[in-house]
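Structure first, commentary second.
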Amino acid sequence: MRRSLLTWYQHQGRDLPWRGESDPYKIWVSEIMLQQTQVKTVIPYYQRWFKKFPTLEELARADQQEVLKVWEGLGYYARGRNLHKAAQKIVKDYGGIFPQTLEQVLKLPGIGRTTAGGILSAAFNQPVSILDGNVKRVLARLTALLVPPNQALSQLWQWSDQLLDSEHPQDFNQAIMDLGATLCTPKNPACLLCPWQKHCQSYLEGLQNQLPMREMTSPLPHKNIGVAVIWNEQGRILIDRRLEGGLLGGLWEFPGGKLEAGESYEDCIRREIQEELGIEVEVGDRLITVNHAYSHFRITLNVYHCRYLGGEPQAIECQEIRWVTLDEIDQFPFPKANSQIIAALRDQNYPRASNQG
DNA sequence: GATCCGTGGGG
DNA sequence: TCCCCAAGGAT
């Protein structure tokens, strides 16, 4: 059974930029980028990353803002922040040499059991099992698991451990992930091409399109947000850097906040700007409305041009604030929903600028 | 153990 | 348009 998978992998495995790579730094970066993120999305970010941070030492020396700028658009920004923190820890604790024991690797921020197994098997051919989304799906189908995978994690880890080819852990882990990504897909699995067809309980029972069982999901709540593009008399815009811990931590944004019951967007924006920045603004024309879905809620950004009236801007509910021109704004990492606001500002501003000469 | 944490693409 | 889900980890 292991042999049939490895033979399939030898002929049908994907050719990916990090395959055959022996530098643990490069393996590590690929594993972090691939968390909850498809290969196609990762590849351009992966290439760009090493132009900016060719070595682990250069990553450790970088400023967090540079790291987040390269990560901009990839999402789950704690991954980028943790990559940076872990690089500094590796330089400090291990002399810049990526650690090679499971215990040490698991202590690095952003690395859990699956990522640790992925790194140790891919970089050092160590027999450490993994349980990513692909493996969960493959094993759930293989065994015809009758509960959602996340309700049977200890069982799935046992199966992953038992199946792992201890003679070829590097290729085996890559192979089972490729199987899940290319044949044993979430919808319409290509069972006729599968090397494990004869071993697959779901296929034998005709259940491959019913399994794995779905996880329980609750409907996403929706929030309406008032957002301010605050202009001063020099034609600069006020942006703020979000607090470290939570959603989009460390990224820049246009200030604003949640609309309260019975409140107009004008009132909301004046209130939020006073609370967060301690300044007064006049709310003007609506610039754009942006709908965006995060992983656990949806928002509508109602964006208004505002005029700065007075008060000294203070970083009350953020890390930092800055007045910037539209030309400078590209230097700062912004979340995706905000990039639509920037695009709208450009569209609107260029004709204005040309009219003014 | 349940929640939080982004974004893009497919059906 | 809407829902699903993708190389998960931290709290």
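Everything numeric here is computed off the predicted structure, so don't read it as measured data. Proteins come first, then strands; the chains are lettered A, B, ... in the order of their sequence lines, and each starts at number 1.
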Under 3.5 Å, N/O pairs linking protein and nucleotides 9-11 of chain B:
none

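- A distance-only check finds no donor-acceptor pair linking the side chain of Arg307(A) to the backbone of Val281(A) [under 3.5 Å].
- Where DNA chain C meets chain A (any atom under 4.0 Å from a heavy atom), the bounding nucleotides read 5' to 3' are dC3(C) to dA10(C).
- Residue Trp18(A) is in base contact, counting any heavy-atom pair closer than 4.0 Å across all strands shown.
- Within 4.0 Å (heavy atoms only), Arg242(A) reaches no atom of the nucleic acid at all.
- Near DNA chain C, defined here as any heavy-atom distance below 4.0 Å, the residues from residues 290-299 of chain A are Arg298(A), listed numerically.
- Contact check of residues 333-340 of chain A against DNA chain B (heavy atom, cut-off under 4.0 Å) returns Pro335(A), Lys336(A).
- Contact annotation for Gly110(A): backbone-only contact, meaning every heavy-atom pair under 4.0 Å involves sugar-phosphate atoms and none involves a base.
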Discussion item. The test is side-chain hydrogen bond (donor to acceptor under 3.5 Å, both in side chains); show your working for Asn150(A) and Lys136(A) and say whether it passes.
Written reply: CA-CA 9 Å; Asn150(A) 287 338; Lys136(A) 282 180 190 171; 3.0 Å; yes
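- Of the residues in residues 133-144 of chain A, those placing a heavy atom less than 4.0 Å from an atom of DNA chain C are Gly133(A), Asn134(A), Arg137(A), in numerical order.
- Within 4.0 Å (heavy atoms only), Thr37(A) reaches at least one base atom of the nucleic acid.
- Remark: side-chain polar atoms of Ser4(A) are paired, donor with acceptor, to backbone N or O of Met1(A) under 3.5 angstrom.
- For residues 155-176 of chain A, proximity to DNA chain C is found at Gln174(A), defined as any non-hydrogen atom under 4.0 angstrom from a strand atom.
- With both ends at atom P, the span from dA7(C) to dT3(B) equals 24 Å, rounded to whole Å.
- No contact: Ile130(A) has no heavy atom under 4.0 Å from any strand.
- In this structure, Ile32(A) atom CD1 and dG6(B) atom P are separated by 15 Å, rounded to whole Å.
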